[in-house]
**Student:** 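Okay, handing you the structure first.
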Amino acid sequence: MKRSSIALPHRFALLFALALTLLLGQTALLHLAASPAARAAEATPEASGPVVIVAEEHPRQSSPKGPQDLRLAGTIIDPAPLDPAFARDVNSAFMTRQVFRGLTRFNDDLQPVPELADRIEISPDGLTYRFHLRDDAQFADGKPITADDVRFSLSRALSPKTAATQSAPLAGPSYLADIAGSNEVMQGQADTLSGIDVIDDKTLEIHLKAPRATFLMKLASAPG
């Protein structure tokens, strides 16, 4: 049998390193085994004051000429239907986001930033999100998008009446269940999310059941 070339002191050092690794691993497992409430508190700590996110304007200079065609690489199977409330796969979500816009979007660094909103204010406890809609936010026909339109859209995405028109379950619950009143809407006990308050035509507040650091990311998804 070929003898090892590792000297004895080196073996002790190696054993010590392995023991230290095991110890650190056990410590990490104990941390992961902590209560969900404790982990949530660490993941979404309270801020010392309101958090304000303001949209950054990046105007694009362009002088289009000739035919204006947009070609997108995607599935050869048409998404059915092209509706944000039913986007359940990557292809459908991608195509849907080319047509519809949400309160937030992902920037080049994959961080959620305002889109239809131009200002977002988050309460220190992480439970209330106030969205100020852009003055130029409008539908394809030129009609202004209002806070009530946003409440309707988010409520519809969770409504079992919407689900009844499709054989597959809605995508909404996976993304919007953090909003207060979502259970009542999903169970058909309410038509409108109680956790959304319309302040005026361009301002709304969304109240969460518990702080959720990923909430703005979820709003940047297709169902949001």
Side-chain angles (χ1 to χ4, degrees), residues 28 31-32 34-60 84-85 87 93 96-97 100-138 144-158 171-186 190 192-224:
H31 175 72
L32 290 175
S35 67
R39 293 200 304 271
E42 291 182 4
T44 55
E46 289 193 6
S48 58
V51 176
V52 178
I53 306 173
V54 180
E56 295 183 5
E57 297 295 336
H58 296 287
R60 297 180 179 179
T96 298
R97 289 298 285 165
F100 298 91
R101 302 175 67 187
L103 290 172
T104 62
R105 63 176 178 84
F106 289 111
N107 65 9
D108 294 341
D109 298 320
L110 296 182
Q111 296 298 316
V113 295
E115 184 173 37
L116 288 179
D118 64 5
R119 180 183 175 91
I120 303 172
E121 300 167 3
I122 309 172
S123 62
D125 59 8
L127 292 175
T128 302
Y129 288 68
R130 172 171 285 208
F131 295 87
H132 300 268
L133 300 181
R134 300 173 61 96
D135 291 333
D136 59 355
Q138 59 185 25
I145 296 176
T146 67
D148 194 59
D149 293 323
V150 175
R151 179 172 61 180
F152 171 81
S153 178
L154 297 180
S155 298
R156 174 183 175 274
L158 292 170
S174 300
Y175 296 88
L176 306 176
D178 296 327
I179 302 176
S182 59
N183 289 343
E184 289 77 4
V185 174
M186 286 187 288
T192 304
L193 282 163
S194 61
I196 300 182
D197 293 328
V198 173
I199 308 303
D200 55 44
D201 282 350
K202 290 295 183 181
T203 311
L204 69 146
E205 285 186 351
I206 298 181
H207 306 278
L208 305 187
K209 303 172 186 176
R212 190 68 61 192
T214 57
F215 182 62
L216 291 181
M217 298 181 186
K218 293 180 179 181
L219 289 182
S221 65

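Side-chain atoms are counted along with the backbone in the values below, which use heavy atoms only and exclude waters and symmetry mates. All values reported here derive from a predicted model rather than from experimental measurement.
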**Student:** Within this structure, what is the CZ-NZ distance for the pair Arg134 and Lys202, rounded to the nearest 0.5 Å?
**Tutor:**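 Separation between the atoms: 10.0 Å.
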**Student:** Any donor-acceptor pair under 3.5 Å linking the side chain of Asn107 with the backbone of Asp109?
**Tutor:**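 Confirmed, Asn107 side chain pairs with Asp109 backbone.
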**Student:** Counting heavy atoms not belonging to Phe152, are there more than 12 under 6.0 Å from its CZ?
**Tutor:**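 Check fails, neighbour count at 12 or below.
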**Student:** Going by atom types only, do Asp125 and Ser123 share a side-chain donor-acceptor pair under 3.5 Å?
**Tutor:**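 Checked: Asp125/Ser123 side chains pair up, N/O donor to acceptor below 3.5 Å.
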**Student:** Of Val150, Thr203, Asp200, Asp149, which meets side chain to side chain contact (heavy atoms under 4.5 Å, CB included) against Leu133?
**Tutor:** Val150
**Student:** Between Leu219 and Leu176, does a side-chain contact (heavy atoms from CB on, under 4.5 Å) hold up when you go through it step by step?
**Tutor:** CA-CA 8 Å; Leu219 289 182; Leu176 306 176; 4.2 Å; yes
**Student:** So how far is it from Leu193 CG to Met186 CE, rounded to the nearest 0.5 Å?
**Tutor:** 9.0 Å
**Student:** What pair of heavy atoms forms the shortest contact from Ile206 to Leu204, and how long is it?
**Tutor:** CG1-CD1, 4.1 Å
**Student:** Under the salt bridge (Lys or Arg N to Asp or Glu O under 4.0 Å) rule, collect the residues that match up with Arg130, sequence neighbours excluded.
**Tutor:**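 Result, salt bridge (Lys or Arg N to Asp or Glu O under 4.0 Å) vs Arg130: Glu205.
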**Student:** Calculate, to the nearest 0.5 Å, the distance between atoms CZ and CD belonging to Phe131 and Glu121 respectively.
**Tutor:** 10.5 Å
**Student:** Roughly how far apart are Asp148 CG and Asp201 CG, rounded to 0.5 Å?
**Tutor:**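 That separation rounds to 8.5 Å.
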**Student:** Show the nearest heavy-atom pair for residues Val54 and Pro114, with the distance to one decimal.
**Tutor:** C-CG, 4.2 Å
**Student:** So which atom in Ser194 and which in Gly181 form the shortest heavy-atom distance, rounded to 0.1 Å?
**Tutor:** OG-CA, 3.4 Å
**Student:** Under 6.0 Å from the CG atom of Asp136, do we count more than 12 heavy atoms belonging to anything else shown?
**Tutor:**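 Result for CG/Asp136: enclosed.
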**Student:** Heavy atoms, side chains only, cut-off 4.5 Å: are Ser182 and Lys209 in contact?
**Tutor:**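 Yes - at least one pair of side-chain heavy atoms lies under 4.5 Å apart.
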**Student:** Can you tell me how far OH of Tyr129 sits from CD1 of Ile196, rounded to the nearest 0.5 angstrom?
**Tutor:**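 Rounded to the nearest 0.5 Å, the CD1-OH separation comes out at 13.5 Å.
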**Student:** Is the shortest side-chain heavy-atom distance between His207 and Asp197 below 4.5 Å?
**Tutor:** yes
**Student:** Show your working on side-chain contact (heavy atoms from CB on, under 4.5 Å) between Thr104 and Ile53 and close with a plain yes or no.
**Tutor:** CA-CA 11 Å; Thr104 62; Ile53 306 173; over 6 Å; no
**Student:** When rounded to the nearest 0.5 angstrom, what is the spacing between NE2 in His132 and CG in Leu116?
**Tutor:** 14.5 Å
